[in-house]
Undergrad: 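So that we are looking at the same thing, I have put the structure below in structure tokens.
In what follows, chains carry the letters A, B, and so on, assigned in the order in which the sequence lines appear, proteins first and then strands, with residues in each chain numbered from 1.
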Amino acid sequence: MVTDVLKEMMNAALSAAAVDGAIALEAMPPVEFERPRKREHGDWSTNVALAAGRGGDNPRAIAQALIDRLPPSDMVESVEIAGPGFLNFRLAPKWLHDVVFRASDPKSGFGRTDEGAGIKVNVEYVSANPTGPISVVGGRHAAVGDALSNLLEATGHEVVREYYVNDAGRQIRLFARSLSVRYLEQFGVPGEIPEDGYQGEYVIVLARRLAEELGDRLVHASEEERDATMRRIGLERMLAEMRATLERFGTHHQVWFLESSLQESGATRSAIEKLGAGGWVEERDGARWFLSSRLGDDKDRVLVRSSGEPTYLASDSAYLLDKSRRGFDRLIYILGAGHHGTVPRWLAAAEALGIDRSRVEMPLIQNISLVRAGVTVRASKRAGNVVPLDELVDEVGVDAARYNFLNRSLESPLEFDIDLVKQQAPENPVYYVQYAHARISSILKKAEEKALRVQDAELGMLTHEREDSLMRKLAAYEETVPDAAHRRAPQRLTRYIEELATDFSAFYRDCKVVTDDQQLSKARLRLCLATKSVLADGLSILGVSAPERM
RNA sequence: GCGCCCGUAGCUCAGUGGAUUAGAGCGUCCGGCUACGGACCGGAAGGUCGGGGGUUCGAAUCCCUCCGGGCGUACCA
């Protein structure tokens, strides 16, 4: 990346200036390059001189001293001092030509870095209770988790996508109970859904199917046996359904981890013991408490209820240990905003178990409100009025749904206007971007018919203002991907892709690609090819398709 | 009460590890098509960055405080 080259040059200048006493430095100021908003301010700008001038020296004088000591480079055309002491760099055309060549060559690794090489990351996301269909909220989680995983892979990390299934606690029991009641109803046996049970229509649908498949043989079974069967089959069916929903949505979890497996293997018990051995557990009122308040939590938390049943926290502790044993350097849990209260206890558990808490990361995704015909639809799983992800996908399609989930920062509540997202029109950014891609495909096809070859393109031909803007935007891809990965901010990539499509459209409008001028046509084709590759690559990181025609 | 998130253009939102004149999409208004896909392009109007204080040469960005909205505050997660 160019900024690496520029930083190196700047550091060399700083050292030189420090050595010959031109500037007094207590410590080397950090060199950061950023893109100026205004083109007149050059291609790249740094404020090192201002940072170095904190001691009171004149930043502009420092800036000049640094310029005088910059090593020569064929990348840099000129450097200017601006305003209070900014250094504005103008780069040589070679820089952009290099970008276009690399961007249009799939083997160049354009937009990829290896900063994550050797780092193993576990990304756990969605992990909704297996007691109902994946909801639209789950969809946002799926889109974000998948895009973040892709971003981490693009920056060289080894990623495992994981789904944790809470199949051992109270919720699954309530679900089984609710299913039993609905099953019995099929045979005219009245019953009542337990308080906090599952009222959703889908429970009735499933019960009806089970009634057909199993007949009435469970009607006369003991309640215990009936519930156990409902639990087993219900879980199996729900998991299959959830998996199908997620696959259809284009996300794939490599690992489906069952909470029950931790209890069966004794991992939960040994995690509790390990916490106890560390002196983090205390018996109180017949329950066993984890002393999380000593590790930054507001209060202590129950690990084992007085009934003897472990809480989720006990399983979660065992799960932390399990992940750690599997060799992950980083554990990312993508959680819903409603779980923020649990974060301190998880981090406390990690620390008590000897897992450095800085290795555990818990981004919180805010809620969604669905708007249809101007009316907000609120969701609640137990009341049964969730909007299933499948329903949303039926209505707006996978691409539009994903794109809109990835359009905003995670920590921002998202208003999802179904009518708006459904529009297959250029006003809808996802189609605007896809259209740009399809249009390039069409141009390339046309060029192929004319037997134009891009290999020997002379990029010096690209001097039009639109071409220049487009090349600069392509160059920005190399910073955008790692930046989005670092910040866990897929929306940065979404924005970028949109800007790229915009710059391409302007270029397309003003610069005819396939003309009688062979040299110019080849150069422009190469630029088209580069743009197409980057659009397709960015979209694939987001999990959105890049159609050849629409 | 306490904790977390949000408050930026009419609407939906970027930008928030300070830095040169605050952005996008939609909507509104004006202009441009015998087009390699017009599902487009160009331009305009529109903002005391929730209010107030502070730190700084410089704050949408950092600190304090207040207001408004959401969520959480269980031997549920």
Undergrad: Let me check something: any side-chain donor-acceptor pairs from residues 302-309 of chain A under 3.5 Å, sequence neighbours excluded? List them with distances.
TA:
unit_1: A:R305; atom_1: NH1; unit_2: A:E309; atom_2: OE1; d: 3.4
unit_1: A:R305; atom_1: NH1; unit_2: A:P310; atom_2: O; d: 3.2
unit_1: A:S307; atom_1: OG; unit_2: A:E309; atom_2: N; d: 3.4
unit_1: A:E309; atom_1: OE2; unit_2: A:R173; atom_2: NH1; d: 3.1

Undergrad: Contact class for A:A438 (heavy atom, under 4.0 Å): base, sugar-phosphate, or nothing?
TA: base
Undergrad: State, without any angle test, whether A:S293 and A:D300 hold a side-chain donor-acceptor pair at a distance under 3.5 Å.
TA: yes
Undergrad: May I have the distance from A:F504 (atom CZ) to B:C36 (atom P), rounded to whole angstrom?
TA: 13 Å
Undergrad: Could I get a table of every N or O pair under 3.5 Å where one atom is in the protein and the other is in nucleotides 30-35 of chain B?
TA:
unit_1: B:G32; atom_1: N2; unit_2: A:R509; atom_2: NH2; d: 3.2

Undergrad: How would you list, by chain and number, every residue that makes a salt bridge (charged side-chain N to carboxylate O under 4.0 Å, His left out) with A:E351, sequence neighbours excluded?
TA: A:R357
Undergrad: When you check every protein heavy atom under 4.0 Å of nucleotides 1-12 of chain B, what one-letter string (B, S, -) results, 5' to 3'?
TA: --BBSS-----S
Undergrad: Reckon A:S45 touches a base, only the sugar-phosphate, or nothing at all at heavy-atom distances under 4.0 Å?
TA: base
Undergrad: Scan side-chain atoms only and decide if A:E259 and A:S315 contain a donor-acceptor pair under the 3.5 Å cut-off.
TA: yes
Undergrad: Students often get this wrong, so: under 4.0 angstrom with heavy atoms, is A:A287 touching a base, only sugar-phosphate, or nothing?
TA: base
Undergrad: Please determine, for the side chain of A:S442, which listed nucleotide (B:C71, B:A39, B:C36) has the closest atom?
TA: B:C36
Undergrad: In what stems does RNA chain B take part, counting only runs of at least 3 consecutive Watson-Crick or G-U pairs whose two distances fall under 3.5 Å?
TA: B:1-7 with B:67-73, B:10-13 with B:23-26, B:28-32 with B:40-44, B:50-54 with B:62-66
Undergrad: For B:C75, take OP1 and OP2 only and decide whether either is under 4.0 Å from a side-chain N or O of A:T311.
TA: no
Undergrad: At under 4.0 Å between heavy atoms, what does A:C528 touch on the DNA or RNA strands: base, sugar-phosphate, or nothing?
TA: nothing
Undergrad: Using the C1' atom as the reference point in each nucleotide, state the distance between B:G7 and B:A44 in Å, no decimals.
TA: 28 Å
Undergrad: Base, sugar-phosphate, or nothing for A:E548, non-hydrogen atoms under 4.0 angstrom?
TA: base
Undergrad: Assess whether atom CZ of A:R269 is packed by more than 12 heavy atoms of other residues, nucleotides or ligands within 6.0 Å.
TA: no
Undergrad: Give me the distance, rounded to whole Å, that separates B:A9 from B:G23 when you measure between the P atoms they each carry.
TA: 14 Å
Undergrad: Tell me, please, which residues at least two apart from A:Y319 pass ring pair (Phe, Tyr, Trp, His ring centres under 6.0 Å).
TA: A:Y164, A:F257
Undergrad: Over all strands shown, is A:K299 touching base, sugar-phosphate only, or nothing at heavy-atom distances under 4.0 angstrom?
TA: sugar-phosphate
Undergrad: Could you give the CG-to-P distance, from A:L420 to B:C13, as a whole number of Å?
TA: 11 Å
Undergrad: What residues form a salt bridge (charged side-chain N to carboxylate O under 4.0 Å, His left out) with A:R301, not counting sequence neighbours?
TA: A:D297
Undergrad: Would you kindly compare A:F507 and A:L87 by the position of their nearest RNA chain B nucleotide and give the one closer to the 5′ end?
TA: A:L87
Undergrad: Give me the residues of residues 490-502 of chain A where at least one heavy atom lies under 4.0 Å from an atom of RNA chain B, by number, or none.
TA: A:Q491, A:R492, A:R495
Undergrad: Could you tell me how far B:A59 sits from B:C49 if I compare only their C1' atoms? Round to whole Å.
TA: 11 Å
Undergrad: Report yes if some heavy atom in the side chain of A:V203 is under 4.5 Å from a heavy atom in the side chain of A:T131; otherwise report no.
TA: no
Undergrad: Not counting sequence neighbours, which residues clear salt bridge (charged side-chain N to carboxylate O under 4.0 Å, His left out) with A:D483? List them please.
TA: A:R487, A:R492
Undergrad: Check whether the side chains of A:R526 and A:S104 place a donor and an acceptor atom closer than 3.5 Å, and report yes or no.
TA: yes
Undergrad: Please list, chain by chain and in numerical order, all residues satisfying salt bridge (charged side-chain N to carboxylate O under 4.0 Å, His left out) with A:R372, sequence neighbours excluded.
TA: A:E395
Undergrad: I'd like the C1' distance from B:C6 over to B:A60, given in whole Å.
TA: 14 Å
Undergrad: Quick test of your reading of the model: are A:E282 and A:R288 salt-bridged, counting only N-O distances below 4.0 Å?
TA: no
Undergrad: Looking only at atom P, what distance separates B:U55 and B:G47, rounded to whole Å?
TA: 30 Å
Undergrad: Side-chain donor or acceptor of A:S505 under 3.5 Å from a matching atom on the base of B:C40?
TA: no
Undergrad: Kindly say if A:R439 contacts the phosphate of B:G38, meaning a side-chain N or O under 4.0 Å from OP1 or OP2.
TA: yes
Undergrad: In whole Å, I'd like the distance from the CH2 atom of A:W44 to the P atom of B:A19.
TA: 15 Å
Undergrad: How would you list, by chain and number, every residue that makes a side chain to side chain donor-acceptor pair (under 3.5 Å) with A:S135, sequence neighbours excluded?
TA: none
Undergrad: Check the distance between B:G42's C1' and A:R466's CZ and give it to me in whole angstrom.
TA: 8 Å
Undergrad: Just compare B:C36, B:U20, B:C40 and give me whichever is closest to any side-chain atom of A:K446.
TA: B:C36
Undergrad: For A:K323, is there an ion pair with A:E162 - N to carboxylate O distance below 4.0 angstrom?
TA: no
Undergrad: Does A:R487 put a side-chain nitrogen or oxygen below 4.0 Å from OP1 or OP2 of B:U16?
TA: yes
Undergrad: Between B:A19 and B:U61, how far apart are the P atoms? Round to whole Å, please.
TA: 11 Å
Undergrad: Between B:G51 and B:U12, how far is it from one C1' atom to the other, in whole Å?
TA: 24 Å
Undergrad: Rounding to the closest angstrom, what is the interatomic distance between B:G53 and B:U48 at atom C1'?
TA: 16 Å
Undergrad: Would you please name every residue forming a side chain to side chain donor-acceptor pair (under 3.5 Å) with A:T515, sequence neighbours left out?
TA: A:S521
Undergrad: Checking all strands, does A:R345 fall into the base, sugar-phosphate, or nothing category for heavy-atom contacts under 4.0 angstrom?
TA: base
Undergrad: For a quick test of reading the model, state the closest non-hydrogen atom pair linking A:R140 to A:L410 and the distance between them.
TA: NH2-O, 3.5 Å
